[in-house]
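Keep in mind that what you see is a predicted model, and the values were worked out from it rather than measured. The chains referred to below are lettered A, B, ... by the order of the sequence lines, with proteins before strands, and numbering in each begins at 1.
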Amino acid sequence: MINREIADILYEAADILELNEVEWKPRAYRKAARKIEDLNEDISNIYRDRGKKGLEEIPGIGSRIADHIIEYLETGEVGKFEKLKEKSPVKTGELVEIRGLGPKKVKKLVEQLNIKTVSDLREAVEQHQIKNLTGFGEKTEKNILKSIGMFEKSHDRMQLGKAMNLAEDVITYMKEHSDLEKIDYAGSLRRMKETIGDIDMLVIASDPDRTMNTFVSMENVERVESRGVTRSTVILKGGIHVDLRVVPAESYGAAMQYFTGSKDHNIALRDLAISKGYKLSEYGLFGKVSQEKVEGESEQGIYERLGLQYIPPELRENRGEVDIARQNSLPELVTLNDIKGDLHIHTTFSEGSDSLEDVVRAAEDMSYEYIAITDHSRSRRISKGMEIEELKLQWEEIDRISGEYDVKILKGAEVDILKDGSLDYPDEVLGGLDIVVGSVHSGFESAKEEMTERIVAALENKYLNILGHPSGRLIGKREPYNADFDMIFETVADKEKILEINSHPERLDLNDKLILQAKMFGVKFSINTDSHSVPNLDFMRFGVGQARRGWLTKDDVVNTFSYNSLKKMLKA
DNA sequence: GCCGTTTTCGGCCCGACTGTTTTCAGTCG
């Protein structure tokens, strides 16, 4: 989608301007970029239908930025920004992604040590060059080294949400421009892994040659790595590899199985095939002696022939799923359809960008039975956390519109868990809420014992219902808190609290492994989006994906319950 | 560069934290 490209250009321009100590403009650009990211509609359609006026109606976009967008839509670049990039001494994008480095420090590094890339930076750190610069020191050097490690680890992979958008754009494009019988994504994307390396796609095509032409000439292709009749690889703008394979219909199931992986799962499956006198490949399941194909068209059929229950892609990590499928005892995993509501949503009352009523309307469109409005509590000034009076105004607003919609609205809040483990509103206020999500938003570097005690103390508060983003990690940016998660999960079970599975693509917290670990304690979960805008409500599917990777069933997840059962549970 | 029933000019989320300093700059959320 072109929205993504334009947002990225504005972010980049903001970074460069900030380096040059231009004031306020960077903020304006970023605000506009954020709005464009959150748009429901393709921005080129807005321009086509309503012209410059339409663009200017988007908050944060005025006459100048609208002009830049129009220039980009018409020519594919923005002259002003191109010049800016030329004049800028440094590829900022990379360096400002390093945690601990902002524009000021980057500027110093560029000017004094001629550091332009992360690998330059690594070299300088290893030679202890930077600790001597004013403003830097021993600890900064150590922290930067740690951040470089995280950057490098995550850099060649992208977040699930971004990969999914790209894959779906490719599918839409290919369906529109080529005569296809079938097209699907496979690989780690189909397994809903939290980060994705390459995107793998399979098609059945009547005219493979034409299909490949369409694929390699898509508008967002930056480079064609290889172009064949059965397989092509392109690199999209932004550096993402997409692989397309043309597969005959009679092998489609086998190919989907093979290319979905994981590698370890496939090895386990091939072993099983051999033990049953078969050979399994991406072309099908063959009799070892007869060499005859016994299955290939259907993925389901392959599992059946091997004497297995169908194993959903999210479970294919060789974590015991093959044995359990053989015993016919795989859990019936929770699905997106089971979800009856979203219990962590922000609105304009705090840092959300859509109004309470817009959110409610969207939830109604999604046929949710209920939602919880959970804006930030007062300590969180940066996110416009609500003072008690504002919270009460929100309650009035909820009461006012409740009658007008079918969806039930729970009065909630995302309440900070303060340093000492207490919650950010007094009990009498918490008592007036239908649901309380408690989250840690500060002091991420605390020692293990301190963090564990803080969270356990919060869980002992009778008004807390859900522990929000329980590990606090940000994918590729921040490690989980140092805490004793066994003890936390045990307390959650003991106090009958709920663990959140935060669906935001940069969090996915709890992750699959911690979900599995927590499930052992018999706890309940809630899959929430932590939405900051209406389009964010769609993140739900990523959270459901992680829940499935953690082997959860409908019964494990409280927001599959009916409104009445949920209410009963929250009161108890 | 954007925005306005507190403004068409003068504001723009701002407090906590860290590590550097020796009273504060830079970064984060």
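Atom C1' of B:dG26 sits at a distance of 10 Å from the matching atom of B:dT20, rounded to the whole Å. Atom P of B:dC12 sits at a distance of 23 Å from the matching atom of B:dC17, rounded to the whole Å. Nucleotides B:dC9 and B:dC28, compared at atom C1', are 31 Å apart to the nearest Å. A gap of 23 Å separates the P atoms of B:dG1 and B:dT5, to the nearest Å. Nucleotides B:dG11 and B:dA16 are separated by 24 Å at their P atoms, to the nearest Å. Separating the P atom of B:dC2 from that of B:dT6 is a span of 23 Å, rounded to the nearest Å. Taking the C1' atom of each, B:dC13 and B:dC3 are spaced 15 Å apart, rounded to whole Å.
When atom types are taken as modelled, the side chain of A:N220 and the backbone of A:L236 share no donor-acceptor pair closer than 3.5 angstrom.
Under 3.5 Å, the side chains of A:S379 and A:D416 contain no donor-acceptor pair of N or O atoms. In this model, no donor atom of one side chain and acceptor atom of the other lie less than 3.5 Å apart for A:T491 and A:K497. Looking only at atom types and distance, the side chain of A:D509 has a donor-acceptor partner in the side chain of A:S471 under 3.5 Å away. Judged by distance alone, the side chains of A:Y29 and A:E18 never bring a donor and an acceptor atom under 3.5 Å apart. In this structure, a donor-acceptor pair under 3.5 Å is present between the side chains of A:T529 and A:D342. A donor-acceptor contact under 3.5 angstrom links the side chains of A:D375 and A:T347, judged on distance only. For A:D530 and A:H346, the side-chain atoms include at least one donor-acceptor pair closer than 3.5 Å.
Considering only side-chain N and O atoms, A:R478 lies under 4.0 angstrom from the phosphate OP1 or OP2 of B:dG29. At B:dG1, one or more side-chain N or O atoms of A:K80 fall inside 4.0 Å of OP1 or OP2 (strictly under the cut-off). Distances shorter than 4.0 Å separate none of the side-chain N or O atoms of A:K108 from OP1 or OP2 on B:dT20. At B:dT18, none of the side-chain N or O atoms of A:N143 fall inside 4.0 Å of OP1 or OP2 (strictly under the cut-off).
Listed in residue order, the members of residues 127-137 of chain A having a heavy atom less than 4.0 Å from DNA chain B are A:G135, A:F136, A:G137.
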Enumerate all atom pairs, one protein N or O and one N or O from nucleotides 4-8 of chain B, separated by less than 3.5 Å.
none

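Regarding A:L55, its CG atom lies at a distance of 12 Å from the P atom of B:dC2, rounded to whole Å. In this structure, A:D67 atom CG and B:dC2 atom P are separated by 9 Å, rounded to whole Å.
Residue contacts shown for A:S442 are absent, as no nucleic acid heavy atom lies under 4.0 Å away.
Ranking B:dT20, B:dC12, B:dC2 by closeness to the A:R27 side chain, first place goes to B:dC12.
Stacking between A:W24 and B:dC2 is absent: the aromatic ring centre is not both under 5.5 angstrom from the base six-membered ring centre and within 30 degrees in plane angle.
For B:dT7, the O4'-C1' to base torsion is within 90° of 0; the nucleotide is therefore syn.
Each of A:K104 and A:E445 has a nearest nucleotide on DNA chain B; the 5'-most of these lies closest to A:E445. Residue A:E138 is the one, among A:E138 and A:R99, whose nearest nucleotide of DNA chain B lies closer to the 5' end (criterion: closest heavy atom).
Below 30°, between 30° and 60°, or above 60°: for A:Y481 and A:F444 the angle between ring planes is below 30°, a parallel geometry.
Enclosure of atom CD in A:Q127 by more than 12 non-hydrogen atoms of other residues, nucleotides or ligands within 6.0 angstrom is indicated.
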